Q: 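Sharing a structure, written as structure tokens. Questions coming.
Everything numeric in this text was worked out from a predicted model, so none of it was measured. Numbers restart at 1 for each chain; the letters A, B, ... are given by sequence-line order, proteins then strands.
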Protein chains: 2
Amino acid sequence: MAALKYSRQRESIKKYLASTTEHPTADMVYLHIKEEFPNISLGTVYRNLNLLSDIGEAIKITTPDGGDRFDGNVAPHNHFYCEGCRRVLDLKMDMGPLKELNASAQQTFDGLIESSSVLFFGKCQNCLKHPSENQ
Amino acid sequence: MAALKYSRQRESIKKYLASTTEHPTADMVYLHIKEEFPNISLGTVYRNLNLLSDIGEAIKITTPDGGDRFDGNVAPHNHFYCEGCRRVLDLKMDMGPLKELNASAQQTFDGLIESSSVLFFGKCQNCLKHPSENQ
DNA sequence: GTTTCTGCAAAGTTTTTGCACGTCA
DNA sequence: TGACGTGCAAAAACTTTGCAGAAAC
């Protein structure tokens, strides 16, 4: 069990994640942190993002378009992935309906499950309005 | 717009997907089809899985453990990803609660969304019972 | 001084693609 | 025959890892 040591790079990554709601990829984080630390490497960014995710200070969201997304908001919430523009959106729904849904799932699936988060797939407002502009 | 032509390999892949509920990875499909077509290549398996997914005859499910899963059941249903054993399970819940959840999400997110499917994350029955055996 | 972290580069994993040949219609 | 599909291998895309030196404590 390794003790955690401070690093300016990790602190900068945390600050960046806390400042945005766009759920950046590792590469987007890398490009941003590079402005402050021109020598930072992508490997360091990956190591820190995984570390933060492991200790619960960030969330990793796997999407179908290659490249995980990262979220500095670790308060319980769910996500929506737009299959049109490929953005990840925060859903600040209350957890009541989620519990109902969980219960419904448990009734039909032959065994208990305990769901902690949910990822919705579909189209966002903008892509519903302008189907031609996106794939 | 290319016309679709029959191929024995694709037919075999479809048959396999229809016969299983374990949501195999491309590699698992490859290994299975290889028993019937020893010379089939992984590239062909990927091409056919993507093709089937594109024309709506299969579903591709991206999970956080690397390697997409494929499902031959294209009837509307949702999935559960167990973070313990990394299995993908089918959820045969009715769509009522999902619509409620959607509505709840739409009220708090500033814009309409239209969700077609949902992926739950959590622990399955077996992993809840035996936490030590899985990560 | 010791442990942890970083930058770099190499390697690993999964998926896609170019091309020559084979199959379907 | 002509269009589409396959096998193979190379490449692409994304992520992890080994190592020597730097930073933290």
Side-chain angles (χ1 to χ4, degrees), chain A residues 1-17 23-55 57-71 81 83 86 88 135, chain B residues 1-17 23-55 57-71 81 83 86 88 135:
Chain A
M1 32 200 72
L4 198 58
K5 249 171 212 184
Y6 173 90
S7 98
R8 287 171 297 157
Q9 290 89 335
R10 188 188 307 130
E11 216 53 32
S12 178
I13 290 171
K14 281 171 69 172
K15 202 171 106 191
Y16 174 52
L17 286 184
H23 307 91
T25 62
D27 198 61
M28 289 162 72
V29 173
Y30 169 66
L31 291 174
H32 188 270
I33 303 301
K34 213 171 179 177
E35 293 171 14
E36 188 179 350
F37 297 93
N39 294 321
I40 199 171
S41 73
L42 193 51
T44 295
V45 171
Y46 271 107
R47 268 185 297 233
N48 278 304
L49 288 172
N50 285 333
L51 174 57
L52 292 172
S53 168
D54 286 345
I55 65 178
E57 295 189 18
I59 293 171
K60 185 194 278 197
I61 306 151
T62 302
T63 67
D65 68 335
D68 294 341
R69 313 298 183 84
F70 294 88
D71 190 345
Y81 174 76
E83 292 161 340
R86 299 172 178 187
V88 172
Q135 183 204 28
Chain B
M1 32 202 70
L4 197 58
K5 249 171 210 180
Y6 172 89
S7 98
R8 286 172 297 157
Q9 289 90 334
R10 188 189 306 130
E11 216 53 32
S12 178
I13 291 171
K14 281 171 70 171
K15 201 171 107 192
Y16 175 52
L17 286 184
H23 307 93
T25 62
D27 197 61
M28 288 161 73
V29 173
Y30 169 65
L31 291 174
H32 188 270
I33 303 301
K34 213 172 177 177
E35 293 171 14
E36 188 178 351
F37 297 92
N39 293 322
I40 199 172
S41 74
L42 193 50
T44 295
V45 171
Y46 271 106
R47 268 184 295 233
N48 277 303
L49 288 173
N50 285 333
L51 174 58
L52 292 172
S53 169
D54 286 347
I55 65 177
E57 295 189 18
I59 294 172
K60 185 195 278 198
I61 306 153
T62 302
T63 67
D65 67 336
D68 294 341
R69 312 297 182 86
F70 294 88
D71 190 345
Y81 174 77
E83 292 162 338
R86 300 171 176 187
V88 172
Q135 183 203 29

Q: Which of these nucleotides, C:dT6, C:dT17, C:dT15, is closest to any side-chain atom of B:Arg47?
A: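 From the listed options, C:dT17 comes nearest.
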Q: OP1 or OP2 of C:dT16 sitting under 4.0 Å from any side-chain N/O of B:Asn50?
A: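 So the side-chain polar atoms of B:Asn50 do come within 4.0 Å of the phosphate oxygens OP1 or OP2 of C:dT16, strictly under.
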Q: A:His32 and ring-ring contact (aromatic ring centres under 6.0 Å, His included): which partner among A:Tyr16, A:Phe70, A:Phe37?
A: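 Of A:Tyr16, A:Phe70, A:Phe37, ring-ring contact (aromatic ring centres under 6.0 Å, His included) with A:His32 is met by A:Tyr16 alone.
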Q: In whole angstrom, give the distance that lies between atom CD1 of A:Ile33 and atom C1' of C:dC5.
A: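 Going from A:Ile33 (CD1) to C:dC5 (C1'), I get 16 Å.
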Q: Answer with base, sugar-phosphate or nothing: what part of the nucleic acid does A:Gly67 contact at a heavy-atom distance below 4.0 Å?
A: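 The residue A:Gly67 makes sugar-phosphate contact but no base contact.
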Q: Could you give the OH-to-P distance, from B:Tyr30 to D:dA9, as a whole number of Å?
A: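 So the two atoms are 11 Å apart, to the nearest Å.
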Q: Shortest non-hydrogen contact from B:Ala58 to B:Leu17?
A: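 Here B:Ala58 and B:Leu17 meet closest at CB-CD1, 4.0 Å.
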Q: Below 4.0 angstrom from OP1 or OP2 of C:dC5, is there any side-chain N or O of A:Arg10?
A: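 Checking A:Arg10 against C:dC5: at least one side-chain N or O falls below 4.0 Å of OP1 or OP2.
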Q: Can you give me the closest heavy-atom contact between B:Ile40 and B:Ile33, atom names plus distance?
A: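 Closest pair (atom of B:Ile40, atom of B:Ile33, distance): CD1-CG2, 3.6 Å.
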Q: Tell me: CG of B:Leu51 to P of D:dA3, nearest whole Å?
A: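 It works out to 19 Å between those atoms.
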Q: Between A:Val45 and B:Leu42, which has a closest nucleotide on DNA chain C that is more 5'?
A: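 That would be A:Val45.
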Q: Locate the shortest heavy-atom distance separating A:Thr63 from B:Thr62; write the atom from each residue and the value.
A: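 That would be O-CG2, 3.5 Å.
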Q: With the side chain of B:Lys5 defined as its heavy atoms from C-beta on, choose the nearest nucleotide among C:dC8, D:dT16, D:dC4.
A: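 Out of C:dC8, D:dT16, D:dC4, the nucleotide with an atom closest to B:Lys5's side chain is D:dC4.
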Q: Measure from CE on B:Met28 to C1' on C:dT14 and round the result to the nearest Å.
A: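 In whole Å, C:dT14 C1' lies 15 Å from B:Met28 CE.
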Q: The side chain of B:Ala2 lies closest to which of these nucleotides: D:dC4, D:dG5, C:dT4?
A: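 So the nucleotide nearest the side chain must be D:dC4.
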Q: Of B:Gly66 and B:Thr44, whose closest DNA chain C nucleotide lies nearer the 5' terminus?
A: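 The residue mapped nearer the 5' terminus is B:Gly66.
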Q: Which heavy atom of A:Arg86 sits nearest to which heavy atom of A:Arg69, and what is that distance?
A: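 Looking at all heavy atoms of both residues, the shortest contact is O-NH2, 2.7 Å.
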Q: Please state how far atom CG in B:Leu49 lies from atom P in D:dG5, giving the value in whole angstrom units.
A: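 About 14 Å, once rounded to whole Å.
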Q: Nearest whole Å is fine: how far is D:dC4 C1' from B:Leu52 CG?
A: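 Going from CG in B:Leu52 over to C1' in D:dC4 covers 15 Å.
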Q: Given C:dT15, D:dG7, C:dG7, identify the nucleotide with an atom nearest to the side chain of A:Ser41.
A: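 Of C:dT15, D:dG7, C:dG7, C:dG7 is nearest to the side chain of A:Ser41.
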Q: Identify, between B:Tyr6 and B:Pro38, the residue whose nearest nucleotide on DNA chain D lies closer to the 5' end.
A: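 Counting from the 5' end, the first nearest nucleotide belongs to B:Tyr6.
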Q: Which whole-number value in Å describes the distance from A:Phe37 CZ to C:dT6 P?
A: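 In whole Å, C:dT6 P and A:Phe37 CZ are 10 Å from each other.
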Q: Does the side chain of A:Gln9 get closer than 4.0 angstrom to OP1 or OP2 of C:dG7 through an N or O atom?
A: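 Answer is yes, contact under 4.0 Å.
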Q: Does a side-chain N or O of A:Ser7 approach OP1 or OP2 of C:dT6 to a distance below 4.0 Å, or not?
A: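 For A:Ser7, the contact criterion (side-chain N or O under 4.0 Å from OP1 or OP2 of C:dT6) is met.
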Q: Can you tell me the distance, in whole Å, between the OH atom of B:Tyr46 and the P atom of C:dT17?
A: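 That distance rounds to 13 Å.
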Q: Is A:Asp27 close to A:Leu31 at the side-chain level, that is, under 4.5 Å between some pair of heavy atoms?
A: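 Heavy-atom side-chain distance check passes, below 4.5 Å.
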Q: Does a side-chain N or O from B:Arg8 land closer than 4.0 Å to OP1 or OP2 of C:dC24, or not?
A: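 The answer is yes; a side-chain N or O of B:Arg8 sits under 4.0 Å from OP1 or OP2.
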Q: Please state whether the phosphate of C:dC5, meaning OP1 or OP2, lies under 4.0 angstrom from any side-chain nitrogen or oxygen of A:Asn48.
A: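 For C:dC5, neither OP1 nor OP2 has a side-chain N or O of A:Asn48 closer than 4.0 Å.
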